[in-house]
Student: 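Mind having a look at this structure? Questions to follow.
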There are 2 protein chains.
Amino acid sequence: MIDRHLMKLRARYSISQIEEAAIRESLTEVARYPADHTAIRAGEVLTFSTLLLDGLMTRYKDLSDGQRQITEIHVPGDFADLHSFTLKHLDHNVMTLTPCKIVKSPHDRIQKLCEEHPRLGRIYWFSTNLDACIHREWEVSLGRRSALERTAHLLCELQVRLGIVGLATGNGYALPITQADVAECLGLTPVHVNRVLKELRETGLVEFRNGRVTIHDIEGLKRAAEFDPTYLYLGQRERG
Amino acid sequence: MIDRHLMKLRARYSISQIEEAAIRESLTEVARYPADHTAIRAGEVLTFSTLLLDGLMTRYKDLSDGQRQITEIHVPGDFADLHSFTLKHLDHNVMTLTPCKIVKSPHDRIQKLCEEHPRLGRIYWFSTNLDACIHREWEVSLGRRSALERTAHLLCELQVRLGIVGLATGNGYALPITQADVAECLGLTPVHVNRVLKELRETGLVEFRNGRVTIHDIEGLKRAAEFDPTYLYLGQRERG
DNA sequence: CGCTGCTTTGAAGCCCTTCAAACCAGGTGG
DNA sequence: CCACCTGGTTTGAAGGGCTTCAAAGCAGCG
């Protein structure tokens, strides 16, 4: 059930059988949410974190004029809100982009897990810091990259992150979201996202149609995005 | 020496004398850096974290064409790179904006601190998550707010964060950085930052001159920025 | 007293937005 | 079985916010 979560962890750290069992014990209730469901509202007191098993979720903030900024996309294997373990309530909302399956991890169990397995505690701390790395890279995109670069960069990031959990090949991946969703990630209008996607398609780099990303030229796409996956901290990070 | 760090912590948590002593013991060497000094380069292996005592530092990323995006400003009392405790090397650079005084906290001591004082461990975990909150708020600014709103928002954020550590009053604070630095925070050109600052000045909201921010209308400024400080998680977070 | 780095201002241009409408596919009901 | 509806995609035309390029102004300093 939590295979993808373990794949994500093991892309950076080795996880022993004992640790794996401890992680499993920290999980409780499974739930399913429909698409476009706000799972967590900013400000509400949380007593558990949400591990995404299947589907896509996002963190987002709304502005008073109805605009919305998505600050991160979550793929299966991610905790959508592990940071709520320390924050207790969130500064942002969390919603599903697609129908999702999740499993809850109560904060008292996470605390027990961290106390009994300090190394896992540090790995989960790392995991929240990895979210911050993604936030920083998005800041760079939003602040300095052109619409085309930004779009290409997002598609590269998802290719890598979905690839880690076995949901992407070199050719592409399922991405059953709308162009409006992409626009909310990129700080653009849906109209302009549409034009950018057209350009990416016509230059033969990548195609995003019918909820699927098909990459025709991965190297060209990375070049267009100036994509450097270092910020995703792949590869084993310590022995043992 | 670490008064401001303690002020920052105590703005959210109570810290006992024992915990305070333990924190002090985790610190070693003090260092001074000149302005515009790159203290940490992306990728280099780190064995300690850097606590900023005095001055201003930033996290930033460079792009191949020479553009730069600052992803966070650090004020006295902040760790510039507590996340290096889990990341071991950074995905970004850290530099001084002004002459700075820092103190180092070796990772092995932080680990000891967290093991012997698990509550402090969680508070430091929280602290890195607070950086992520700031990153998210900046994503919103960069993605959705106009140049004027963005600028006003940054000035509000710094007013609050410097206020926590006793470096700002309701009237303003010292901010000895250039308009070009501000531009690198906001994803704008220095020229446009200059025009926006002129507008903020002429509408009587705030003045940024000679390395000092003078706030003439704090409520108006907050309104212009749609500033909501919730994301800074002020106020006591638990009993005890 | 001229150099240097920062700020300020002007003019022109472009990237992206805005507004509007057509197109298209899938689902529903008559 | 097709007309209709709905949500998403696509395209066009006009406009605006910010950039780019250029140069002048200004303060601190050797």
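Quick note on labels: first sequence line is chain A, next is B, and so on, each numbered from 1.
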Student: Over how many whole Å does the gap from A:R150 atom CZ to C:dC16 atom P extend?
Tutor: 7 Å
Student: Do the charged groups of A:R201 and A:E207 touch, with an N to O distance under 4.0 Å?
Tutor: no
Student: Can you identify which nucleotide, out of C:dC6, C:dT17, D:dT20, has its nearest atom closest to the B:V191 side chain?
Tutor: D:dT20
Student: Can you tell me if the side-chain N/O atoms of B:Q179 get under 4.0 Å from OP1 or OP2 in C:dG5?
Tutor: no
Student: Is any side-chain nitrogen or oxygen of A:K198 closer than 4.0 Å to OP1 or OP2 of D:dT10?
Tutor: no
Student: So B:F79 and B:H5, would you call those rings parallel, tilted or perpendicular, with 30° and 60° as cut-offs?
Tutor: perpendicular
Student: Which part of the nucleic acid, if any, lies within contact of A:G187, taking any heavy atom under 4.0 Å across all strands shown: a base, the sugar-phosphate backbone alone, or nothing?
Tutor: sugar-phosphate
Student: What is the distance from CG of B:N210 to P of C:dT8, rounded to the nearest Å?
Tutor: 9 Å
Student: If I take atom CD1 in residue A:I177 and atom P in nucleotide D:dG8, what distance separates them, rounded to the nearest angstrom?
Tutor: 12 Å
Student: Is B:N194 near enough to C:dT7 that one of its side-chain N or O atoms lies under 4.0 angstrom from OP1 or OP2?
Tutor: no
Student: Can you tell which of D:dT20, C:dT7, C:dT17 lies closest to the side chain of B:R195?
Tutor: D:dT20
Student: Round to a whole Å and report the spacing from CG of B:L186 to P of D:dT19.
Tutor: 10 Å
Student: Hey, can you tell me if A:F126 and A:Y233 have their rings parallel, tilted or perpendicular (30° and 60° cut-offs)?
Tutor: perpendicular
Student: Think A:R209 has a side-chain N or O under 4.0 angstrom from the OP1 or OP2 of C:dC24?
Tutor: no
Student: Between C:dT7 atom C1' and B:F208 atom CZ, what is the distance in whole Å?
Tutor: 11 Å
Student: Counting side-chain heavy atoms from CB outward, which of C:dT18, D:dT19, C:dT7 is closest to A:T189?
Tutor: C:dT18
Student: Does any N or O donor sit under 3.5 Å from an N or O acceptor when you compare the side chain of B:R201 with the base of C:dT8?
Tutor: no
Student: Return the value, rounded to whole Å, for the distance between atom CD of B:E184 and atom P of D:dC18.
Tutor: 18 Å
Student: Could you give the NE2-to-C1' distance, from B:H192 to C:dT7, as a whole number of Å?
Tutor: 16 Å
Student: May I have the distance from B:D36 (atom CG) to C:dC6 (atom P), rounded to whole angstrom?
Tutor: 8 Å
Student: Mind checking if B:L188 touches a base, just sugar-phosphate, or nothing, with heavy atoms under 4.0 Å?
Tutor: sugar-phosphate
Student: Looking at A:F227, is A:K222 sitting on its ring face, NZ or CZ under 6.0 Å from the six-membered ring centre and within 45 degrees of the normal?
Tutor: no
Student: With a 3.5 Å distance limit and no angle check, can you tell me whether A:D217 reaches the backbone of A:G204 through a side-chain donor-acceptor pair?
Tutor: no
